[in-house]
Amino acid sequence: MSKKKLGLNTICSHIGEVPDTQFKGAVSPMFLSSSYEFLDVDVKRYPRYFNTPNQDYLTKKIAALEHSEAAMIFGSGMAAISTMFLAFLKQGDHLVVQNTLYGGTVNFIKEEFPKYGIDFTFTNGYQAEDFEAAIKDNTKLIHIETPSNPLLTVTDIKAIAALGKSKGIFTSIDNTFASPVNQKPLDLGIDMVMHSATKYFGGHSDICAGAVASSSEHIERIWNVGKNLGGSLSDMTVWMLERSMKTLGLRVKAQTKNAMKLAKWLDKHPKISKVYYPGLKSHPEHQLAKSQMKGFGAMLSFELTEDLNSQEFQKQLKLIKSSMSLAGVESTLLSPHLTSHALLTQEERDAIGISDQLIRFSVGIENTKDLKEDIHQAITALA
Ligand code: PLP
């Protein structure tokens, strides 16, 4: 059976299982060995080589979900992204990178690239022409994030892929917010997809992991750097991640449906001055999002009116937790200016539109009436 023809939930629940040939158990056995036979074997296995049985098999599930030839899993999303960058950029090369993206990625580029002699340009905007304007003779990689963290801007994936191809520049995307349930960038021409698997892949706020999916050739290039940097994931966590991913399709679809309902409700709330969600018709790239996403995702952001203090608002919530991460089955929210984008200066945050009133909302699987009620009572308590 061709993997592409299998349905989403079938891939999630079946592909990439380690067969239990000994006891015929229904789920993958966990192989915790960090030491394997090397004589007369086809593959020399070692955890840092990203090829233990559990690591090896789980990559098949990720590849099937992203429609890629191959994939790699890492100890964190940042291990995935840093390894991918360093595999495709060397001293004297130049990276074009989107200006609105996850703060940790921004910090990695700004703090580490100068030490490696790698040049970079953050775009002035997130449209294809902004990326084209930033390209130099030595540009080797264009990196995008769409929908982006935390403002949910949407970049034209096909246009970026075409731009890269026309100039002989590799393209990569952070697909964490959409997940492969809602967006498959490789089908749109992008070369490499990365994930913070800490988020939707894990989905229960108890795993830290990362992933990259691409052609076998690119994955080999990333593997060559990965084995030196050593960002592999422990097999116990790999096993947990496999178990979590069995429900990825179910979870993300339920969360996406909830986010749409919440976005519409928040948009009408008198104490919410702005809602950022690509599923809303008022979102500037709604049509583009519709054309390149299957669903609009379960992340949204909103701004409280000036009279409400965003920290006090979060303290009043009874059900929704303030939390540094996202994408769990439980709804969480945070203030980007205090967390994901805290290391940016006030000027940098102002320049990309991250105000102190902004709340990033990761919508879970709860009943939407309970989520609405919680937000409403928190606002009422402050008013
Ligand atoms: N990319 C995005 C969009 C994220 O939100 C995050 C973390 O929040 C990362 C990458 C980094 O992932 P990790 O925390 O797993 O290293």
Side-chain angles (χ1 to χ4, degrees), residues 58 62 66 71-86 97-112 122 126 143-155 157 172-183 185 190 192-213 226 229-234 237-238 240-241 244-245 252 255 259 276 278 293 297-301 321-328 332-344 352 354 358-363:
L58 181 54
I62 294 167
E66 284 290 6
M72 270 176 82
I73 38 174
F74 293 84
S76 69
M78 285 314 300
I81 201 162
S82 56
T83 308
M84 182 180 80
F85 280 168
L86 295 177
V97 60
Q98 190 167 321
N99 62 347
T100 49
L101 83 167
Y102 171 59
T105 308
V106 175
N107 296 337
F108 172 68
I109 293 168
K110 287 192 175 162
E111 290 173 16
E112 305 303 327
F122 283 93
Y126 52 90
H143 180 74
I144 62 171
E145 190 175 297
T146 179
S148 67
N149 181 357
L151 292 173
L152 286 304
T153 61
V154 177
T155 293
I157 300 175
S172 60
I173 183 171
D174 186 328
N175 203 26
T176 301
F177 266 33
S179 93
V181 176
N182 284 322
Q183 183 166 276
I190 290 287
M192 287 155 297
V193 174
M194 66 75 50
H195 283 275
S196 167
T198 314
K199 312 296 171 345
Y200 289 105
F201 283 13
H204 297 76
S205 309
D206 55 9
I207 283 176
C208 182
V212 178
L229 294 179
S232 60
L233 185 64
S234 97
T237 314
V238 172
M240 283 176 69
L241 185 55
S244 295
M245 289 186 72
V252 173
Q255 288 172 268
Y276 302 82
M293 299 181 80
M299 294 301 303
L300 61 92
S301 290
K321 295 183 178 114
S322 290
S323 161
M324 281 279 276
S325 197
L326 61 101
T332 57
L333 43 74
L334 59 69
S335 299
H337 79 286
L338 297 175
T339 56
S340 59
H341 292 70
L343 295 178
L344 269 61
I352 55 175
I354 296 176
L358 185 73
I359 305 271
R360 192 193 70 186
F361 187 9
S362 168
V363 182

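Below, all heavy atoms of this structure are taken into account, side chains as well, without hydrogens, waters or symmetry copies. One-based numbering, in listed order, for ligands and for the atoms of each.
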**Asked** What orientation do H143 and F85 show, parallel under 30°, tilted 30 to 60°, or perpendicular over 60°?
**Response** perpendicular
**Prompt:** So, Q183 side chain and M293 main chain: donor-acceptor pair closer than 3.5 Å or not?
**Reply:** no
**Message:** Give the residues near ligand 1 by chain and number, with the criterion being a heavy-atom distance under 4.0 Å.
**Reply:** S76, G77, M78, Y102, E145, N149, D174, T176, S196, T198, K199, A209, L326
**Message:** Using every non-hydrogen atom in the two residues, find where H195 and A80 come nearest and quote the distance to one decimal.
**Reply:** O-CB, 4.4 Å
**Pairwise distance CD1(I190) to CD(E66) - rounded to 0.5 angstrom** = 11.5 Å
**Asked** Is the backbone N or O of L344 less than 3.5 Å from a side-chain atom of H337, with the two atoms forming a donor-acceptor pair by type?
**Response** no
**Request:** Step by step, work out the side chain to side chain contact (heavy atoms under 4.5 Å, CB included) result for M299 and Y200.
**Result:** CA-CA 11 Å; M299 294 301 303; Y200 289 105; 3.5 Å; yes
